[in-house]
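Below is one structure, written out as structure tokens; the observations come after it.
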Amino acid sequence: MMHCYSLQKSAEYHEQLKKYLPLGQHHNFAKPDSVMPVYYVKGKNSRLWDADGNEYLDLYAKFGAMFLGHGNKKLQDHLTFALENYPITDFSETDLKVCALFQRYVPCCEKIRFGLSGNEMVQNALRLARAYTKKRRFIKFEGHFHGSSDNILGGKTKNILAPIVYEDPDSVFYTEGRASGVLQDQVIQIPWNNIEILEKTLKSYGGDIAAVIMEPVNINGGSILPEEGYLQKVRSLCDQYGIVLIFDEVITGIHMGLGGAQACYDVTPDLCIMGKAISSGVVPVSVLMGKAEIMGLYEECRVSQGGTFNGYGIGMAAIKATFDILESDYTSIYHNMESCSDYLRKTLEDAAYRRGIPLVTQGPATCFSFHCSPHKVQSYGAVSDALFKRNEILRQCMLKYGILCCRTSRMYMNITICEADISFFEKRVQAALADAEKIISRLKLLDSFIDAPSYERT
Ligand code: PMP
């Protein structure tokens, strides 16, 4: 019989921290995370231990950045070598090697620049696109996340005929203090995965659009895959209208292979951004890669890009280490993550079915989502409030039995995931689902799909 964890020391630490950190958290959007943070004291491979001595399976993986497992020895050796040998200068021997690695794998990578965060590189990509096209607006899609800058965080549209974005006070991404007019001046937002809507929007606004930016697989919206042929059609519409196509591969880069989603779907954007897992999350690094003609605006000094730490030695060493480790046994590393992921998904679906909670999993193997719903989520709009709450309840119940996953019900694999992790999961998930089922029933959150006729276990 599994008992739910006591988190007393974490609670005490959290109380102390709240005196200094707003909310006792390192970040917040308008609706604070209702889960009290857990304070970890140790990590090894896929596991973490907290201050109360509880053990966790880390499928949260620091928002998907942790990819080589906690405490990866080879990665540590690379970092130690870099610390001992690279002076703190602009360049080190790794720059050339890392650039060549990205160029080998990432189809759009003709030229490359380095930064520290995804947020920052998204803004650099938009600036390049505006300068290159001499147009001002960009199209983004509902449910896609591209960082927290004023011009790209959240926002809502009235309908697809009026897709200009305004501030939405009900959204989790609502914020005061935004520079006035940036959303309205720059952003057009439409549903993703619908080529007719994009075509119509371009007919009306194409002459004003510098860039189309998207997650090529909409991980933040619920791990939604692109419809067959959708990315190809977006590519050709962008060519037709002279628009820069930007793939935000901050999550899909590395997680879907070293070439990202663009290599998997064989659709080459003009620019792309990667971050998070490219350095396995131990130090921050992000990259902006793209066509030589557009990146050439940096060569002509028509567009600026700056940052004290751009290309810093430790960051470069972390990328090099990550690529070296993955390249050393590429096929079997990804194959292992896929089969572990398949097993976890099936275990979760079966366990939920036994508890009478309709649940589906979807998305790429290494970054899939679960949804407490009888149907796969095909669009961001399908994530109703009730569904979001059910997912959150299950996530919180899993945490109390040692299974960590990401907000918006995502589970991330890392290369050390193994059979022992699967049995850890199997032993605990039943208890978590039993608790979740009680809470969901008490809150009457099941009503909305209880009669859904199409719920079949697959
Ligand atoms: N793009 C995507 C797709 C992301 O998921 C994120 C972060 N979750 C970002 C951009 C922003 O990256 P960062 O947090 O490194 O600024």
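In listed order, ligands and their atoms are each counted from 1.
- Taking the six-membered ring for Trp and the full ring otherwise, Phe102 and Phe323 have centroids separated by under 6.0 Å.
- Residues satisfying the side-chain contact (heavy atoms from CB on, under 4.5 Å) test with Cys264, not counting sequence neighbours, are Met256.
- Centroid-to-centroid, the aromatic rings of Tyr56 and Tyr5 come within less than 6.0 Å.
- Glu55 is not listed as a side-chain neighbour of Leu48, based on a closest heavy-atom distance of 4.5 Å or more.
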Show the short N or O contacts, below 3.5 Å, that ligand 1 makes with protein N or O atoms; if there are none, say 'none'.
| from | atom 1 | to | atom 2 | distance (Å) |
| --- | --- | --- | --- | --- |
| ligand 1 | 1 (N) | Phe145 | O | 3.3 |
| ligand 1 | 1 (N) | Asp248 | OD1 | 3.2 |
| ligand 1 | 1 (N) | Asp248 | OD2 | 2.6 |
| ligand 1 | 5 (O) | Asn220 | ND2 | 3.0 |
| ligand 1 | 8 (N) | Lys276 | NZ | 3.0 |
| ligand 1 | 15 (O) | Gly118 | N | 2.8 |
| ligand 1 | 16 (O) | Gly118 | N | 3.3 |
| ligand 1 | 16 (O) | Asn119 | N | 2.8 |

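- Remark: Phe91 engages Asp95 in a side-chain contact (heavy atoms from CB on, under 4.5 Å) (not counting sequence neighbours).
- For His27, the ring pair (Phe, Tyr, Trp, His ring centres under 6.0 Å) partners are Phe63, not counting sequence neighbours.
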